[in-house]
2 protein chains.
Amino acid sequence: MTRARGADRRTSIVRAAFDVIAERGYRGTSLAAVADRVGLTQQGLMHYFPTKEDLLTAVLETRDEWDLLHFGRDSSAMTVNQLADLVDYNATRKGIVQTYTVLAADSVTEDHPARKYFHDRYARVRAGMTEMLERHRDELPPGSTPEQLAPLAIAVLDGLQLQWLLDPEQVDMSAGFRTFLTLLGIKPD
Amino acid sequence: MTRARGADRRTSIVRAAFDVIAERGYRGTSLAAVADRVGLTQQGLMHYFPTKEDLLTAVLETRDEWDLLHFGRDSSAMTVNQLADLVDYNATRKGIVQTYTVLAADSVTEDHPARKYFHDRYARVRAGMTEMLERHRDELPPGSTPEQLAPLAIAVLDGLQLQWLLDPEQVDMSAGFRTFLTLLGIKPD
């Protein structure tokens with residue numbers, strides 16, 4: 001198989017995985033179900049993605065790329081309003097938010113295959129968030145710095161996702177994130 | 001076996017699980033390892049806790065009880081300073097924080113055995129946090145309410161734990177939580 005065909009195949013597997021996650025959630029997503037969707041044997045799929053964690057990490061990487069294309073050129077170029085829009089969008093895709101939440105938390109365990117991905121992703125997202133807040137430095141509460149606030153902003157996003165997944169009737173991610181922006185003195189449009 | 005002896009046995013299994021979690025982390029903790037520590041066969045232990053999730057949920061319930069005994073009579077009676085102390089304390093017990101993070105996130109999946117526990121725990125913790133913030137109502141930023149801020153405070157705690165577990169050199173939970181209190185206009189001692 002040529003390298004280009006291999007890349008095409010990987011792309012279609014990841015797309016199929018998005019569909020299966022949306023329909024069946026994290027727990028219902030198996031390598032077998034994704035293989036079936038894309039017309040491969042499970043053995044054939046494991047040639048590209050040896051474990052469920054490998055496949056789901058590829059799904060999350062692809063989501064990051066799409067989100068950046070939609071919502072900002074790169075994470076440092078995303079605006080506060082685009083980020084608020086992204087939170088609204090996430091409220092419409094429970095399966096992928098669930099997958100993110102489960103896999104990110106699972107990656108903190110010893111020798112987890114996705115640990116490096118999440119470690120590096122959080123370092124990158126903190127840097128991007130710091131740059132975003134830097135552009136609002138004059139609005140931030142006196143004495144607080146973008147470097148201090150960036151991990152808090154990310155924590156709010158992750159923590160609200162968890163509470164929303166457990167209790168969507170009681171927890172509103174979009175309203176919560178906007179309240180947090182107000183605490184920072186930033187007014188979204 | 002009498003009911004009292006059964007309860008004693010459960011208590012010693014949970015204590016042994018704390019030790020194993022502290023030594024080996026979430027991934028290294030198995031029913032077999034805990035059974036071994038407490039002098040039971042795995043089959044014998046499964047009489048009390050049929051699955052790893054059941055045992056770990058009991059560990060987290062026990063942690064909640066201990067923390068409340070140490071840090072406040074009940075969650076609504078905990079003060080902001082006691083909560084900041086609890087964050088400091090959590091920074092010294094990585095295994096249990098890791099266990100909490102993994103299991104809470106995992107519980108958002110369909111039919112997870114710990115789902116009800118976490119759903120109910122978050123409802124209770126949000127209510128307790130709302131009462132705590134109520135006692136600082138005069139200090140809170142104009143226009144914000146304890147009800148709005150309670151889920152954010154919990155999100156900050158959970159989200160900082162995740163980032164700290166992935167990158168303890170870069171993320172300081174204690175400093176982060178104190179920065180959040182400053183945003184709320186609350187000065188811890």
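What you see below is based on every heavy atom in this structure, not just the backbone, and it leaves out hydrogens, waters and symmetry mates. The sequence lines fix the lettering, A, B, ..., with proteins before strands; numbering per chain opens at 1.
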If I measure from the heavy atoms of chain A, does [X] come under 4.5 Å with its side chain, its backbone, both, or neither?
{"X": "B:Ser107", "answer": "both"}
{"X": "B:Glu110", "answer": "both"}
{"X": "B:Tyr122", "answer": "side chain"}
{"X": "B:Arg126", "answer": "side chain"}

Mind checking whether [X] and [Y] have side chains closer than 4.5 Å, heavy atoms only?
{"X": "A:Arg121", "Y": "A:Asp64", "answer": "yes"}
{"X": "A:Leu183", "Y": "B:Leu152", "answer": "yes"}
{"X": "A:Thr182", "Y": "B:Pro141", "answer": "no"}

- [ ] Could you tell me if the ring centre of A:Trp66 sits under 6.0 Å from that of A:Phe18?
- [x]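 Centroid distance A:Trp66-A:Phe18: below 6.0 Å, so yes.
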
- [ ] Verify the ring-centre separation between B:Phe118 and B:Tyr100: is it less than 6.0 angstrom?
- [x]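 Yes, the ring of B:Tyr100 comes within the 6.0 Å limit of the ring of B:Phe118, centre to centre.
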
At a 4.5 Å cut-off on heavy atoms, which part of [X] comes close to chain B: side chain, backbone, both, or neither?
{"X": "A:Val171", "answer": "side chain"}
{"X": "A:Pro151", "answer": "both"}
{"X": "A:Leu149", "answer": "side chain"}

TODO: Identify which of A:Gly25, A:Ala153, A:Ala155 forms the greatest number of heavy-atom pairs closer than 4.5 Å to chain B.
DONE: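 Among A:Gly25, A:Ala153, A:Ala155, the one with the most close pairs to chain B is A:Ala155.
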
TODO: Pick whichever of A:Gln170, A:Arg115, A:Gln148 has the most heavy-atom pairs under 4.5 Å with chain B.
DONE: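 Maximum pair count with chain B is reached by A:Arg115.
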
- [ ] Of all the heavy-atom pairs spanning B:Ala105 and A:Val102, show the shortest one and how long it is.
- [x]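 Shortest heavy-atom contact: O-CG2, 3.5 Å.
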
Open item on the list: Quick check: closest heavy atoms across A:Ala16 and A:Arg37, and the distance to 0.1 Å?
Closed with: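 What the structure gives for the nearest pair is CB-CG, 3.7 Å.
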
Open item on the list: Just so I understand: if I count every heavy-atom pair under 4.5 Å between each of B:Gln161, B:His112, B:Arg24, B:Lys94 and chain A, which residue has the most?
Closed with: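 Maximum pair count with chain A is reached by B:His112.
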
Task: Option in B:Asp158, B:Thr101, B:Leu160 with maximal non-hydrogen atom pairs under 4.5 Å from chain A - done: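 Option with the greatest count: B:Leu160.
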
Task: Euclidean distance, A:Thr99 OG1 relative to A:Arg27 CZ, rounded to 0.5 Å - done: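 Taking CZ in A:Arg27 and OG1 in A:Thr99, the distance rounds to 12.5 Å.
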
